[in-house]
Amino acid sequence: MGIIIRLVITAVSLWIATLVIDGIRLTTDSVPGKAGALLAVAVIFGIVNAVLRPIIKMVGCGFYVLTLGLISLVVNGLLFMLTSWIAGRLDLPFEVANFWPSAVLGALLVGVVSWVLNMLVPDGDD
């Protein structure tokens with residue numbers, strides 16, 4: 001149940017990012033199409049983060065130390081762009097226009113909103 005709640009929270013965070021940031025778009029008009037696309041992109045985003053983030057942190061730990069963690073903004077933006085690219089390959093109506101500012105700010109906004117919503121919504125692990 002906790003995974004489904006986190007998936008919905010990520011989908012809501014992605015939806016908020018499409019509303020706030022101009023370069024992030026859902027290119028469908030139907031509400032069920034938007035909801036399905038957001039859930040699918042949330043799954044892709046979760047898989048990309050679960051698989052690649054630990055590898056990137058381990059390989060690039062020197063850059064994280066050298067930049068005092070600021071490189072994570074770049075890494076998060078690139079992972080967000082990768083999610084958009086995979087969604088495009090799967091014909092999902094989700095697109096991120098460019099790296100700066102869309103992908104970087106989008107990843108930052110999705111992270112912050114997901115964190116806040118995860119704090120507010122119990123996930124059953126407590």
Side-chain angles (χ1 to χ4, degrees):
M1 189 65 172
I3 292 173
I4 294 172
I5 291 172
R6 286 187 184 104
L7 179 69
V8 170
I9 286 173
T10 304
V12 169
S13 301
L14 288 166
W15 174 66
I16 291 172
T18 62
L19 297 176
V20 173
I21 299 172
D22 290 333
I24 302 173
R25 289 183 293 279
L26 278 173
T27 56
T28 184
D29 292 330
S30 69
V31 173
K34 286 182 180 182
L38 288 170
L39 287 172
V41 171
V43 168
I44 294 168
F45 192 59
I47 291 171
V48 164
N49 278 319
V51 171
L52 292 179
R53 184 179 304 273
I55 296 169
I56 292 169
K57 281 188 174 181
M58 187 171 48
V59 171
C61 66
F63 288 115
Y64 281 89
V65 171
L66 184 65
T67 64
L68 302 175
L70 291 176
I71 192 74
S72 65
L73 293 173
V74 174
V75 169
N76 289 341
L78 290 173
L79 292 176
F80 203 65
M81 289 290 292
L82 178 62
T83 300
S84 172
W85 180 79
I86 293 170
R89 293 288 180 209
L90 297 175
D91 291 329
L92 294 171
F94 179 80
E95 62 184 41
V96 178
N98 48 22
F99 176 74
W100 178 260
S102 301
V104 173
L105 292 180
L108 187 62
L109 181 66
V110 167
V112 169
V113 171
S114 293
W115 176 72
V116 168
L117 291 177
N118 277 315
M119 296 295 287
L120 295 176
V121 177
D123 62 356
D125 291 342
D126 298 334

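Note that the coordinates shown come from a computational prediction; the quantities given were computed from them, not determined experimentally.
The shortest side-chain heavy-atom distance between Ile44 and Leu90 falls under the 4.5 Å cut-off. With contacts defined as side-chain heavy-atom distances shorter than 4.5 Å, the pair Leu82/Leu52 qualifies. Residues Ser13 and Leu117 have side chains in contact (heavy-atom distance under 4.5 Å, counting atoms from C-beta outward). Side-chain atoms of Asn76 and Val104, non-hydrogen and from C-beta on, never get closer than 4.5 Å to each other. Within the 4.5 Å cutoff, the side chain of Thr18 has no heavy atoms near those of the Leu14 side chain. You'll find the side chain of Val74 reaches within 4.5 Å of the side chain of Phe99, heavy atoms only. Inter-residue side-chain proximity for Thr83 and Ile47 is flagged as unmet; no heavy-atom pair is nearer than 4.5 Å.
How far CE of Met81 is from CG of Leu78: 8.0 Å, rounded to the nearest 0.5 Å. Taken from CD1 in Ile4 to CD1 in Ile9, the straight-line distance is 12.0 Å, to the nearest 0.5 Å.
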- request: For side chain to side chain contact (heavy atoms under 4.5 Å, CB included), just list the numbers for Ile56 and Leu79, CA-CA rounded to whole Å, side-chain angles, deciding distance to a tenth of an Å, and then say yes or no.
  value: CA-CA 10 Å; Ile56 292 169; Leu79 292 176; 4.0 Å; yes
- request: Report the C-alpha distance between Asn118 and Ser114 in whole Å, list the side-chain angles of each, state the deciding distance to 0.1 Å, and finish with yes or no for side-chain hydrogen bond (donor to acceptor under 3.5 Å, both in side chains).
  value: CA-CA 6 Å; Asn118 277 315; Ser114 293; 5.3 Å; no
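The hydrophobic cluster containing Val20 also contains Val12, counting ILVMFWY residues as joined when their side-chain heavy atoms lie under 4.5 angstrom apart, directly or transitively. Connection of Leu120 to Trp115 is established within a shared hydrophobic cluster, with ILVMFWY side chains joined at heavy-atom distances below 4.5 Å, either directly or through further cluster members. The same ILVMFWY cluster, assembled from side-chain heavy atoms under 4.5 Å apart, contains both Val110 and Val51. Cluster membership check: Val8 shares its hydrophobic cluster with Leu19, using side-chain heavy-atom separations under 4.5 Å among Ile, Leu, Val, Met, Phe, Trp and Tyr. Cluster annotation: Trp100 and Leu109 are assigned to the same hydrophobic cluster (Ile/Leu/Val/Met/Phe/Trp/Tyr, side-chain heavy-atom contacts under 4.5 Å, transitive).
For Ser72 (side chain) and Gly69 (main-chain N/O), a donor-acceptor pair under 3.5 Å exists by modelled atom type. Remark: side-chain polar atoms of Thr28 are not paired, donor with acceptor, to backbone N or O of Lys34 under 3.5 angstrom.
Tested against Phe45 for a ring pair (Phe, Tyr, Trp, His ring centres under 6.0 Å), the candidates Phe94, Trp85, Phe80 yield a single pass: Phe80. Checked options Leu26, Ile24, Thr27; the residue passing with Glu95 is Thr27 (criterion: side-chain contact (heavy atoms from CB on, under 4.5 Å)).
Residue Phe63 places its CZ atom among 12 or fewer non-hydrogen atoms of other residues, nucleotides or ligands, all under 6.0 Å distant.
Heavy-atom minimum distance, Arg25 versus Asp22: NH1-O, 3.5 Å. Summarising the geometry of Ala42 relative to Ala11, their closest heavy-atom pair is CB-N, 3.8 Å, with the distance given to 0.1 Å. The heavy-atom pair separating Ser102 from Gly23 by the smallest distance is OG-CA, 3.2 Å.
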